[in-house]
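Note that these values count all heavy atoms, side chains included, but never hydrogens, waters or copies made by symmetry.
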Amino acid sequence: MNSRTLVVDRQGILVEIEKELIRSGFSEPLRLSKRRLEKRLLDPKVFETILSTLVIDIFVDWDFTLDKSYIIFILKPNHS
């Protein structure tokens, strides 16, 4: 996208219980729960070490139909 945005595309992310919740019509509660959980688990400091740059923000979203998720990292701009 640009030098400040990193998009990670993850595939095959759903476990069987999540697939069953989706089939039973609980997609939105699952999405909200996964968002809170992943926000806690995606520690910016870990990614700052890996990426060697400051992580300004992290966003996560899912496409349950395609069994994919996306993590978007907003990074500190590089001024070279």
Side-chain angles (χ1 to χ4, degrees):
M1 298 186 94
N2 60 49
S3 63
R4 294 188 56 217
T5 307
L6 173 65
V7 178
V8 177
D9 178 351
R10 301 183 298 174
Q11 299 181 16
I13 50 99
L14 297 171
V15 295
E16 289 304 314
I17 188 76
E18 292 171 323
K19 291 176 184 178
E20 191 58 37
L21 285 167
I22 293 162
R23 284 190 289 270
S24 297
F26 293 99
S27 294
E28 198 54 33
L30 177 61
R31 182 180 308 279
L32 294 172
S33 296
K34 286 179 75 66
R35 182 168 288 129
R36 285 191 301 267
L37 176 63
E38 290 209 30
K39 194 72 166 176
R40 284 194 311 269
L41 295 176
L42 293 171
D43 182 0
K45 297 295 178 198
V46 171
F47 292 99
E48 289 173 353
T49 301
I50 294 167
L51 299 170
S52 299
T53 192
L54 182 67
V55 174
I56 305 298
D57 210 346
I58 302 173
F59 302 95
V60 182
D61 202 7
W62 300 267
D63 183 327
F64 292 147
T65 304
L66 297 176
D67 195 4
K68 294 175 78 169
S69 77
Y70 303 93
I71 306 173
I72 295 95
F73 294 92
I74 307 301
L75 309 173
K76 180 181 179 197
N78 264 345
H79 296 290
S80 306

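- Of the candidates Val55, Leu51, Thr49, Val55 is the only one forming a side-chain contact (heavy atoms from CB on, under 4.5 Å) with Pro44.
- Under the 4.0 Å criterion applied to side-chain N and carboxylate O atoms, Arg10 and Asp63 are not assigned as salt-bridge partners.
- Cluster membership for Leu14 and Phe26, using ILVMFWY side-chain heavy atoms within less than 4.5 angstrom, is shared.
- Proximity of a side-chain donor or acceptor of Lys39 to a complementary backbone N or O of Ile58 within less than 3.5 Å is detected.
- Residues forming a side-chain contact (heavy atoms from CB on, under 4.5 Å) with Leu54 (at least two apart in sequence, or on another chain): Glu48, Ile56, Lys76.
- No side-chain heavy atom of Trp62 sits less than 4.5 Å from a side-chain heavy atom of Leu30.
- Considering NZ of Lys34 and CD1 of Ile13, their distance stands at 4.5 Å, rounded to 0.5 Å.
- Annotation: side-chain contact (heavy atoms from CB on, under 4.5 Å) contacts of Arg4 (sequence neighbours excluded): Asn2, Ile74, Pro77.
- Side-chain heavy-atom separations under 4.5 angstrom define the hydrophobic clusters, and the remaining members of the one that includes Leu37 are Leu41.
- Here the closest non-hydrogen pair linking Ser27 and Ile22 is OG-CG2, 3.6 Å.
- Under a hydrophobic-cluster definition in which Ile, Leu, Val, Met, Phe, Trp and Tyr are linked whenever side-chain heavy atoms come within less than 4.5 Å, directly or via other members, Phe47 and Val8 are assigned to the same cluster.
- From Phe64, atom CZ reaches atom CZ of Arg31 across 4.5 Å, with rounding to the nearest 0.5 Å.
- In this structure, OG in Ser33 is found 10.0 Å from CD in Glu28, a value given to the nearest 0.5 Å.
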